[in-house]
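What you see is a predicted model; the values in this text were computed from it and never measured.
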Amino acid sequence: MAKFKGFSFGVFFVGSIALNIFFLTNNLCAGHVNKQQLSWSQRAAAEAEAVASVSCSGHGITYLDGLFLDEKPVCECNSCYGGPTCSHFLPDCVADADSGDPLFLEPFWMQHAESSAVLVAGWHRMSYVFADQSYMSQVLQNHILKVHSIARNAITKGKYLVFGGGSTQLLSAAVFALSLNSSSLARVVAASPYYPVYKTQTDFFETAHFEFQGDALLMKRTSNSTGNAIEFVTSPNNPDGLLRKAVLQGSSVNAIYDHAYYWPHFTAIPAPADEDVMIFTISKLTGHAGSRFGWALVKDEDVYLNMLKYMQLAELGVSRDTQLRALQLLKVVLEGDGREIFHFAYEKMRDRWEKISQIVSLSNRYTIQDIPPQYCNFFEKVRGPSPAYVWLKCEREEDTNCNAVLRGANIIGRLGSLFNASDRYVRLSLLKRDDDFNLLLYRLKELVSKEG
C-alpha cells in the first residue's frame, strides 16, 4: 500500500510539472501572439497617446487631425482662452451660448479613455456592404435596442431600424417616405416654437410631394380640414424642453417624433415612446455630434422601405467607420448596469439648470420656462428638470429684442424668431463645456445684479 501511495504521488508530481510547463509555454506563446497582433497598431497607438498626453492647462485639447507645429500638436483652446497651452483667460470675452454642441460629456469620455478608444485597420470594411449585403451593422442594431431597454425611453418591439447621418438626415428621409403615401401635396408643419431646421431643410429639399407650411397650431385654428399633413413633433421640445404630443389629428396626418433629447439626462421619461416614426441621435446620447450618426424606429414597413431607399440613394448607408465608432461608444454605455452615463449627465445638467434658475429668480426683468417635476420611468421616482436649453424671456415692454439686450451684456444666444417665436425670447445652450457654462453664469449674474 505504501508503494502504491509513493507511486501515486510520483505520478501526480510529474504530471503537475508537465501541466505547469504546458500552461507556462502557452502563456508565453499567447504573449508572443498578442505582441505580434499589436505590431501593426503600435505606431498608431503611440501617436494617439502622444497627442492625448499634451497639456493644454485644462482649457483646451489636442487632436490627431489637428494642427502640428514643429511636429508637435497644437492646443485647440476652449472659448475665451488663448496662448500656446490655453492658459491665458480673455477677460472681455463673450459668453457664447448659441451652439447646441453637447461638449458637457467630454469629461465622461476622458474617464473612459481606454474602453472607448477605437483603432481602425487600413483595410477595415472596404466593401460597400456588410457580409449580409446590408448597409447596417447587425451588432450595432442589437446594441441600440439594449440601450433603449435600459433607458426605458422607447418601445422597440415591432419596429424597423434605419440608420442615418445624424437625426437631420433621418428627418428628411422621413418626410420623403411619408410624402410618397400622400395622394396630394403633403403640408409639412411644426408647432411653434420649433427647431429651425424643420423649415430650412424642408424648403431646401422641397419637391412636388411636400412643402413647409409653418405652424401646426395656426393650421389647426384656421383650417377645417388639415388635408395631407406631416407634423414634426419635438419631445422634449427644442428650445423650451417641454414634452409634446402631435397637435394635428386625422387619418391623413402623419407625425415624425424627433426624440433627440428624450433621454434620462435631459427629461423625465414618463413612459416609453411608442409612435409610428421616432428619430434618435447619438449626438445627444453620448455627446458625439461630429460622428453624425442617428437612427429611426419605424412601425410601417412601407415607410421603413422608403426611408431605407432614401438612405441608399443618398450615400449607400452610413459610413462603416462611423458605425464602428458608434458601436464602441455604445459598448461603453452598456458597461456594468448601463446606467452610469445617464446618472453622470443628469447630475451635470440638473446642476446647471438649478444654478441658472437661482440667478434668474432674483430678476424682475427676465424669466425662464417652467418645467414641472415629473415621474421618470428610468429613475423610478419624481425628478426635477434638467433641460438642454434655457428659453429666456425679456419681460420689460421696451425689450422687444431680447437677444440685443443680452449682447449688450456680452452674452450670445439664439434669436427667438428663428424658432418662429417672438424676439422677446432667446435660447441659451447649457450643453457646452464647463468653461463656457461658468462664463455664461458669470455674465448672467452681472446682468441681473445691474437691475437695481
Side-chain angles (χ1 to χ4, degrees), residues 48 51-52 54-67 73-82 85-87 89-90 93-113 115-118 166-168 195 197 236 238-239 241 260-261 263-267 280-294 322 325-326 328-330 332-333 340-356 386-390 411-414 427-444:
V51 170
V54 173
S55 172
C56 297
S57 306
H59 301 294
I61 196 167
T62 53
Y63 296 98
L64 273 170
D65 60 354
L67 294 176
V74 176
C75 288
E76 295 186 16
C77 299
N78 296 351
S79 301
C80 302
Y81 284 87
T85 60
C86 306
S87 58
F89 176 67
L90 309 174
C93 186
V94 171
D96 188 349
D98 176 64
S99 167
D101 247 355
L103 297 171
F104 76 103
L105 280 165
E106 229 173 35
F108 177 87
W109 294 106
M110 289 178 175
Q111 292 169 19
H112 295 80
S115 57
S116 62
V118 179
S167 60
T168 306
Y195 182 43
V197 170
N238 175 4
Y261 299 90
W263 297 102
H265 41 289
F266 291 126
T267 181
F280 295 88
T281 172
I282 206 167
S283 159
K284 300 307 184 287
L285 167 58
T286 69
H288 292 81
S291 293
R292 307 312 304 138
F293 180 74
T322 293
R325 190 180 193 202
Q328 189 63 35
L329 295 171
L330 294 190
V332 177
V333 169
E340 182 187 1
I341 192 170
F342 298 119
H343 284 280
F344 177 96
Y346 167 65
E347 287 166 12
K348 177 152 287 206
M349 295 307 298
R350 179 190 61 186
D351 178 67
R352 290 183 173 189
W353 173 256
E354 289 175 351
K355 287 177 178 176
I356 291 286
S386 55
Y389 305 104
V390 171
I411 299 170
I412 297 176
R414 191 164 291 185
R427 193 196 76 173
L428 300 175
S429 173
L430 302 180
L431 294 172
K432 298 176 76 175
R433 293 185 175 102
D434 286 343
D435 282 344
D436 296 291
F437 175 73
N438 291 335
L439 184 60
L440 172 63
L441 213 58
Y442 176 75
R443 296 283 187 234
L444 280 174

Taking all atoms of both residues into account, what is the closest heavy-atom pair of G166 and T281, and its distance?
-> CA-OG1, 4.5 Å
With no hydrogens and no angle check, is any side-chain donor or acceptor of R427 less than 3.5 Å from a backbone partner on P239?
-> no
Heavy-atom donor-acceptor pair, T62 side chain to V51 backbone, under 3.5 Å = yes
All heavy atoms of E76 vs all of G66, minimum pair found to be OE2-CA, 3.9 Å
Under the side chain to side chain contact (heavy atoms under 4.5 Å, CB included) test, residues paired with V197 that sit two or more places apart | T168, Y195, T200, Q201
Heavy-atom closest contact (S116 atom, L329 atom, distance) = CB-CD2, 4.5 Å
Hey, what do you get for NZ (K432) to CZ (R352), rounding to the nearest 0.5 Å?
-> 10.5 Å
Nearest non-hydrogen partners of C80 and L439, listed with the distance | SG-CD2, 3.2 Å
For the atom pair OG (S429) and CD1 (I412), what is the distance rounded to the nearest 0.5 Å?
-> 12.5 Å
Should Y63 and P73 count as side-chain neighbours, where that means a heavy-atom distance under 4.5 Å?
-> no
Output for pair (I341 CD1, T286 OG1), nearest 0.5 Å, gives 6.0 Å
Heavy-atom side-chain proximity of L431 to M349 below 4.5 angstrom = yes
Are K284 and N238 side-chain neighbours, meaning at least one heavy-atom pair lies under 4.5 Å?
-> no
Close side-chain approach of L285 to F280, heavy-atom, < 4.5 Å | no
Residues 93-107, side-chain donor-acceptor partners within the protein, below 3.5 Å, at least two apart:
from	atom 1	to	atom 2	distance (Å)
D96	OD1	D98	N	3.1
D98	OD1	R414	NE	3.0
D98	OD2	R414	NH2	3.3
S99	OG	D101	N	3.0
E106	OE1	R433	NE	2.9
E106	OE2	R433	NE	3.4
E106	OE2	R433	NH2	2.9

Nearest heavy atoms of C77 and G82, plus distance in Å | SG-CA, 4.0 Å
Between the side chain of H265 and the main-chain N/O of S386, is any donor-acceptor distance below 3.5 Å?
-> no
Distance, nearest 0.5 Å, that separates CD of Q328 from NE2 of H288 = 10.5 Å
Just how far is it from atom CG of L441 to atom CG of L430, taken to the nearest 0.5 Å?
-> 9.5 Å
What do you reckon, C56 and C86 SGs under 2.5 Å?
-> no
Would a 4.5 Å heavy-atom cut-off, applied to side chains only, mark K348 and F108 as touching?
-> no
For T322, which residues count as a side chain to side chain contact (heavy atoms under 4.5 Å, CB included) partner, sequence neighbours excluded?
-> F293, V318, S319
So, for V332 and S115, which heavy atoms are closest and what is the spacing to 0.1 Å?
-> CG2-O, 3.5 Å
Look at the aromatic rings of F266 and Y261 and report parallel, tilted or perpendicular, splitting at 30° and 60°.
-> perpendicular
